[in-house]
Undergrad: 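Questions regarding the structure given below will be posed in turn.
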Amino acid sequence: MPIEPARLELLTALAQKVLWLSSWTIHHANHIRPNTDGLKVGGHQASSASLANIMSALYFSVLRPQDRVAVKPHASPVFHAIQYLFGHQTRDKLENFRGFKGAQSYPSRTKDADDVDFSTGSVGLGVAQTLFASLVQDYVMAHGWMKDRPEGRMIALVGDAEMDEGNIFEALLEGWKHGLRNAWWVVDYNRQSLDAVVREGLWAKFESMFRNFGWDVRIVKYGTLMQQAFAEPGGEALKRWIDNCPNQMYAALCFQGGAAFRKHLQDDIGDQGPVTQLIDRRSDDELLALMSNLGGHDMASMIDAFESIDHDRPVCFIAYTIKGVGLPFQGHKDNHAGLMTVAQMEKWRGAQNIRPGHEWEKFEGLSQDPTKLDAFLADAPFNREGRRRLGAPVIDVPERLAFKPAPQMSTQQGFGLVLNELARGDSELASRIVTASPDVTVSTNLGAWVNRRGLFARAEKADLFRSEKIPSTFNWEFSPSGQHIELGIAEMNLFILASALGLSHQINGERLLPVVTLYDPFIERGLDALNYACYQDARFMVVATPSGITLAPEGGAHQSIATPLIGMAQDGLASFEPAFVGELAVIMNFGFRHMQGESGEGGSVYLRLSTRTIEQPQRLMSADLQNGIAEGAYWLRAPGPNAEVIVAYAGAVAPEAIEATGFIGESRRDVGLLAITSADRLHAGWTAARALRRHRRGVQHLSHVEKLLAPLPRDCGIVTVIDGHPATLGWLGSVRGHRVEALGVERFGQTGTIPDLYRAHGIDANAIIDAAESLTSGAPVLHRKMAV
Ligand SMILES: Cc1ncc(C[n+]2csc(CCOP(=O)(O)OP(=O)(O)O)c2C)c(N)n1
Ligand SMILES: [Mg+2]
């Protein structure tokens with residue numbers, strides 16, 4: 001049904017206002033309150049203009065409060081302008097666009113104040129986030145938690161060059177496997193990227209690809225003016241010319257204007273009667289208005305395209321647009337960083353009847369009745385329920401997580417045991433855990449959990465092996481109540497799913513506790529998505545196993561060296577590398593609480609685990625010990641008052657550290673053994689304490705690591721050892737000025753047994769003893785005898 005003319009008029013006026021406000025925001029940041037040390041704001045003006053109309057159509061008319069949107073990074077000023085019109089964004093933040101605490105350059109859930117649904121910035125990730133957010137909504141619904149909340153659509157506004165990002169294709173395939181619904185992707189088909197003009201015919205590739213994955217594809221190419229012109233005599237010839245015009249040429253002509261279009265049309269078409277008259281009837285300005293009236297810039301066409309969708313299948317809209325439309329550099333291939341000059345802005349301001357000093361007024365320059373515009377905004381369906389960020393109560397975490405102990409275990413095995421115990425029980429905690437793994441469910445020890453809790457799918461699917469009574473260790477049954485999400489191998493998908501699951505409390509008002517597993521080295525494969533998930537403050541637990549060179553014969557290509565440093569450096573992620581299963585249970589317990597902590601306090605959790613079976617200490621978990629484990633370290637053997645050297649280790653090398661400490665203790669005094677469970681938390685606590693002391697003079701607060709190392713004499717040496725990069729623990733010497741020998745792994749790729757590899761990389765007991773010797777004086781230390 002065509003949109004009512006009165007409504008169309010108001011929407012069109014508001015879209016023009018959005019274009020003005022977003023451009024003025026950028027202009028302001030560059031020319032009026034420059035806040036970037038002379039660095040110009042590039043990449044926004046042209047890229048924003050491209051989407052001003054489409055986003056106005058969505059936000060002012062089509063979206064409902066339950067819908068969520070990932071806005072293309074460079075359309076951030078458009079988003080902020082829309083929220084400003086709704087009254088959710090302040091003028092001060094717009095004036096301070098890109099400045100400290102101002103409106104963010106790219107929409108940010110955590111840093112912006114105007115209700116951003118999904119952060120964007122690293123292109124491709126926000127797009128995939130909408131797909132996984134939709135799957136998570138299905139999960140919440142299938143588990144009966146939607147109550148009477150209506151289903152929302154998850155919408156991405158996608159740059160056409162953004163589609164180059166591989167993670168989008170990975171997500172598409174996963175979406176197809178899971179029967180994706182309620183997702184709309186709107187491709188801003190301006191045929192320009194940052195550097196250049198895109199390849200001819202790209203839309204056809206998009207179209208067939210999306211159709212292939214079961215999506216509905218809607219191409220919105222011609223605006224109303226164009227459609228009317230096509231219906232005139234000669235219109236067919238004009239349409240043919242538009243369709244055949246190469247992208248570069250069309251863009252160049254849009255830049256040059258109506259006269260240039262006229263000349264080209266005349267040269268190409270010649271004198272052909274009706275079409276020539278059609279062109280001649282229009283002035284240069286009218287001709288330019290006609291030729292730039294692509295579907296994406298035509299309110300009626302966009303509203304019609306959106307409103308004609310009457311199903312919940314995923315839809316891809318390919319909306320033709322012009323980058324920088326309406327601005328002096330529209331269509332120019334260099335326009336990504338293009339900015340209007342002061343003179344150009346003055347001219348444009350005049351053309352829109354905006355008086356100097358009134359630039360921020362909501363309806364300045366519009367001829368429509370302000371009360372009508374106000375009422376229209378107040379009545380926009382999207383805006384009816386105000387802010388749409390939901391919350392959910394904290395799920396109780398029991399005092400202790402149980403597991404069935406064994407004298408010898410690996411942390412990976414322990415992880416499976418803890419989850420198995422949770423799966424056996426009927427706690428609220430267990431019911432809110434969702435697991436996922438990129439095709440390594442069984443090999444990361446999630447098998448027992450999945451056996452008990454089942455796989456998630458909207459429709460039941462029996463395990464054929466089971467129904468045929470073929471013996472199999474694993475029950476692979478899908479149902480709407482299942483709690484494991486089976487994923488293909490792509491690690492990017494794993495982290496974006498974790499991001500979507502980990503935001504469920506705010507998006508769906510229902511808390512989920514995602515636990516996702518993968519092989520440690522492949523964290524690097526999904527790292528940008530992991531970073532993205534953390535940036536959005538999504539909450540999840542990453543369990544990475546096996547790790548390091550300790551995975552030994554599993555393969556050199558699977559060894560990880562940098563991940564402990566990634567774990568330390570990643571904001572929003574608390575990283576742990578326990579050696580023993582008892583520690584792991586304490587850490588998981590801490591983790592489930594940490595995942596539910598307030599913004600700024602809680603965060604996500606990364607556990608770097610191992611397949612190495614080692615002897616488990618039998619000990620009582622005192623409150624002190626638990627605290628030490630969660631804070632990052634405790635003395636496994638306390639140093640004496642005259643300690644000459646201590647050994648500080650993390651993770652799977654515990655047996656080597658323990659053995660070496662025994663040897664060293666025979667000829668060096670008071671040797672201590674420091675068990676480090678989290679280099680990350682230890683270091684973060686130290687930095688925070690220093691900052692506190694700096695900012696509040698007189699405060700005596702000491703961090704955990706400072707307290708631990710306080711009893712050591714000044715000339716005591718520290719040997720650190722980890723199956724990972726030595727820098728992970730090398731900083732320990734700086735805490736109180738001790739000399740350090742930092743052992744670790746700096747090369748990778750060679751397979752072998754654990755003893756072979758530990759010896760080759762210098763993290764075995766003898767390497768630790770050598771390091772201790774080099775830090776101390778006295779008689780040679782007895783070494784471990786090598787097996788022959
Ligand atoms: C992962 C990543 N790589 C590179 C960039 C830098 N970058 C920002 S926008 C852009 C191209 C944008 O083209 P398109 O998606 O077509 O959007 P348009 O500017 O045309 O609106 C690039 C390369 C980025 N933001 N993220
Ligand atoms: Mg583009």
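First listed ligand is number 1; within each ligand, the first listed atom is number 1.
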Undergrad: Specify the closest pair of heavy atoms between A533 and F540, including all atoms of both residues, with the distance to one decimal.
TA: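 Shortest heavy-atom contact: CB-CE2, 3.6 Å.
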Undergrad: Taking the six-membered ring where the residue is Trp, are the ring centres of Y106 and H74 under 6.0 Å apart?
TA: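 Yes, the ring of Y106 comes within the 6.0 Å limit of the ring of H74, centre to centre.
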Undergrad: Assess the pair W176 and W215: is the distance between their ring centroids shorter than 6.0 Å?
TA: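 Between W215 and W176, which both carry aromatic rings, the centre distance is not below 6.0 Å.
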Undergrad: Check if P73 has a non-hydrogen atom at a distance under 4.0 Å from any atom of ligand 1.
TA: no
Undergrad: Y320 and W203: aromatic ring centres closer than 6.0 Å?
TA: no
Undergrad: Against heavy atoms of A161, which atoms of ligand 1 measure under 4.0 Å?
TA: 13 (O), 14 (P), 15 (O), 16 (O)
Undergrad: I would like to know whether Q83 and D114 meet side-chain hydrogen bond (donor to acceptor under 3.5 Å, both in side chains); could you show each step before the answer?
TA: CA-CA 6 Å; Q83 295 292 20; D114 51 353; 5.5 Å; no
Undergrad: Considering both backbone and side-chain atoms of S47, is one of its nitrogen or oxygen atoms within less than 3.5 Å of a nitrogen or oxygen in ligand 1?
TA: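 N/O-N/O distance under 3.5 Å: yes.
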Undergrad: Counting heavy atoms only, which of N167, T120, L194 comes nearest to atom 7 (N) of ligand 1?
TA: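 That would be L194.
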Undergrad: Under 4.0 Å from a heavy atom of H74: give me the atoms of ligand 1 that qualify, with their elements.
TA: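 Those qualifying, in numeric order: 8 (C), 9 (S).
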Undergrad: So, regarding D528 and ligand 1 (criterion: nitrogen or oxygen to nitrogen or oxygen, under 3.5 Å), is there a contact or not?
TA: no
Undergrad: For K72 and ligand 1, answer yes if some heavy atom of the residue is under 4.0 Å from a ligand atom, otherwise no.
TA: yes
Undergrad: Checking a contact table here: which protein heavy atom is nearest atom 19 (O) of ligand 1, and how many Å away?
TA: K323 NZ, 2.7 Å
Undergrad: Could you tell me if the ring centre of F230 sits under 6.0 Å from that of Y222?
TA: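 Between F230 and Y222, the centre distance is under 6.0 Å.
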Undergrad: Would a search of protein heavy atoms around atom 4 (C) of ligand 1 find one under 4.0 Å away?
TA: no
Undergrad: Any idea which atoms of ligand 1 are less than 4.0 Å away from a heavy-atom of E162?
TA: 15 (O)
Undergrad: Which of the numbered atoms in ligand 1 are below 4.0 angstrom from a heavy atom of H336?
TA: 9 (S), 19 (O)
Undergrad: Assess the pair F317 and W185: is the distance between their ring centroids shorter than 6.0 Å?
TA: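 Not under 6.0 Å, so no.
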Undergrad: From Y189, does some N, O or S atom reach closer than 2.8 Å to the Mg ion (ligand 2)?
TA: no
Undergrad: Which of the N/O/S atoms in D160 sits closest to the Mg ion (ligand 2)?
TA: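 In D160, the heteroatom (N, O or S) nearest the Mg ion (ligand 2) is OD1.
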Undergrad: Numbering the atoms of ligand 1 from 1, which are under 4.0 Å from a heavy atom of N190?
TA: 18 (P), 20 (O), 21 (O)
Undergrad: Would you mind running through ligand 1 and noting each atom that sits below 4.0 Å from a heavy atom of G121?
TA: 24 (C), 25 (N), 26 (N)
Undergrad: With a 6.0 Å cut-off (strictly less than), is the heavy-atom count around CZ of R181, excluding the residue itself, greater than 12?
TA: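 Correct, the count exceeds 12.
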Undergrad: Is there a donor-acceptor pair under 3.5 Å between the side chain of S134 and the backbone N or O of T130?
TA: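 Side chain of S134 to backbone of T130: no pair is present.
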Undergrad: I'd like to know whether the aromatic ring centres of F60 and F86 sit less than 6.0 Å apart in this structure.
TA: yes
Undergrad: Please verify whether a non-hydrogen atom of S50 lies at under 4.0 Å from ligand 1.
TA: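 No; S50 lies far enough from ligand 1 that no heavy-atom distance drops under 4.0 Å.
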Undergrad: Does the gap between the ring centers of Y84 and F79 come in under 6.0 Å?
TA: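 Here the rings of F79 and Y84 have centres that are no less than 6.0 Å from each other.
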Undergrad: Atoms of ligand 1 less than 4.0 Å from S122 heavy atoms?
TA: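 Matching atoms, with element in brackets: 1 (C), 26 (N).
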Undergrad: For atom 16 (O) of ligand 1, grab the closest protein heavy atom and report residue, atom and distance to one decimal in Å.
TA: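 Of the protein heavy atoms, D160 OD1, 2.6 Å lies nearest.
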Undergrad: What about the rings of H28 and W360, do their centers lie closer together than 6.0 Å?
TA: yes
Undergrad: How close does the nearest protein non-hydrogen atom get to atom 26 (N) of ligand 1, and which residue and atom is it?
TA: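 Sorting protein heavy atoms by distance from atom 26 (N) of ligand 1 puts V123 N, 3.1 Å first.
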Undergrad: Please determine if the Mg ion (ligand 2) has an N/O/S atom from S47 lying under 2.8 Å away.
TA: no
